[in-house]
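Reviewing the structure listed below.
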Amino acid sequence: MHLKRWRWLAVAAVLALVAAACGDDDADLSGQSLEVMAVWPDDSGEGINFKMVLDQFEADTGVDVTYTGAADATILSTRVEGGDPPDIAFLPQPGLMVDLAARGALVDIEAALGDIIDRNYADVWRDLGTVDGTLYGVWFKGANKSTVWYDVAAFDAAGVDPPSTWDEWIAASEDLVDAGAGAVSVGGADGWTLSDWFENVYIRTAGTDNYNALFSGELSWEDQTVKDALGFLGQILTEDFMNGGSANALQTNFVDSVTDVYTAGEAAVVYEGDFVAGVIAAETTAAAGTGFDFFDFPSIDGSSAAVMGGGDVAVTFTGTEAALAFMEYLATPEAAEIWAAQGGFSSMNNKVDISVYPDDITRRAAEALAGAELFVFDGSDLVPAALGATAGAGIWGGLQEWLGNPGNVDSILAQIQTEAEAAFGG
């Protein structure tokens, strides 16, 4: 209680200075330092692009920024436990923010950033940056994981249009198979791809309340809504539609599932998030628009448009003047536009100038993310890692077993539920 009160007084004391610093590009915070930690390695494309964002903040304010690219979240946890956290960290999972807030490690940013977040973000992003009524996070880099990628030439050859409904997708898959093309490539060797498939179907068939309940441990994996969703999923992930059937899918990793479409020509469709475009560009010669494109994950039985996705949220452990200035900078469209112009980035900020994205395909995916009326976070990122992020176990392992043995759905869901109860401490 005393710690929270101290933090509030510290935030209040620097508010006027922070507002000035962030509202004026010529504001001088020289002599102040800032340590920023994120999941993007320094020498990676993402790390290099993020440094461009940091460089602009340094140029605008005079703050000396040190960047640490730490892909392993345990590094951050160790620093926090040791009483030496960075000023700012980017977290890839809302669950991690909840854990840190429960430990009293985060600074309340409502007074400093509440207004700008309300101006620049849809309500869902304020909600996802809030824990128990307190605003802690600014969402910066996002991923639209409701994008289905297709081979334009294969669709044209089969006389198929991008589907907007589930029934249209099934019909299109049948036409593709009749034309001699595999209907869909699946990277089932990476269990997270199957989790993403399931989550897109589940939000469209079971609705938001059930989605939130399932991924918070309040709803059983043996519930009929889960069985119904798998029933729908099984209409697309069939032995006839998947290139090479389930046996091949379970041996194919994510990257190969993409190249199997755009290099090997073994299928016409691959599902995954907007980052697929980066894989296509890096691993194939397919051109945006003429070689590859995407359609939104289709509506099921008239379901409303929905986006399932992920992202990275910035939080501050210190609430210093420089830290709060940087947090406010992140909430501006200008900060996001620096990275957006480089590609491989989608912003949740709805004030970002869409024209800065490098191509129409990237613009469409980013616009859908920022403007989503119904957005849900990747379910496997909302649950404990033992359930949602462990190879061969939990949700990933269970869905892999289901793909190979869909007739064993009851026993598979019973096993996932057992693991869910253990993960949630039930």
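The aromatic rings of Phe292 and Trp149 sit tilted, their planes meeting at an angle between 30° and 60°. Below 30°, between 30° and 60°, or above 60°: for Phe90 and Phe326 the angle between ring planes is above 60°, a perpendicular geometry.
The list of ring-ring contact (aromatic ring centres under 6.0 Å, His included) pairs with a residue in residues 349-375, not counting sequence neighbours, reads Trp125-Phe375.
Residues passing the ring pair (Phe, Tyr, Trp, His ring centres under 6.0 Å) test with Tyr271, sequence neighbours excluded: Trp197, Phe297. Looking at residues two or more places apart in sequence or on another chain, you find no ring pair (Phe, Tyr, Trp, His ring centres under 6.0 Å) involving Trp402. Residues passing the ring pair (Phe, Tyr, Trp, His ring centres under 6.0 Å) test with Phe254, sequence neighbours excluded: Trp192, Phe275. Remark: Phe241 engages no residue in a ring pair (Phe, Tyr, Trp, His ring centres under 6.0 Å) (not counting sequence neighbours). For Asp353, the side chain to side chain donor-acceptor pair (under 3.5 Å) test picks out Ser355, with sequence neighbours left out.
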side-chain contact (heavy atoms from CB on, under 4.5 Å) between Asp274 and Thr362: does it pass, once the steps are laid out? CA-CA 8 Å; Asp274 52 14; Thr362 306; over 6 Å; no

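To the nearest 0.5 Å, atom CD of residue Gln56 and atom CD of residue Glu337 are 11.5 Å apart.
The aromatic ring centroids of Tyr329 and Phe140 lie 6.0 Å or more from each other.
Under the 3.5 Å distance criterion, the side-chain polar atoms of Thr193 are matched with a main-chain donor or acceptor of Gly187.
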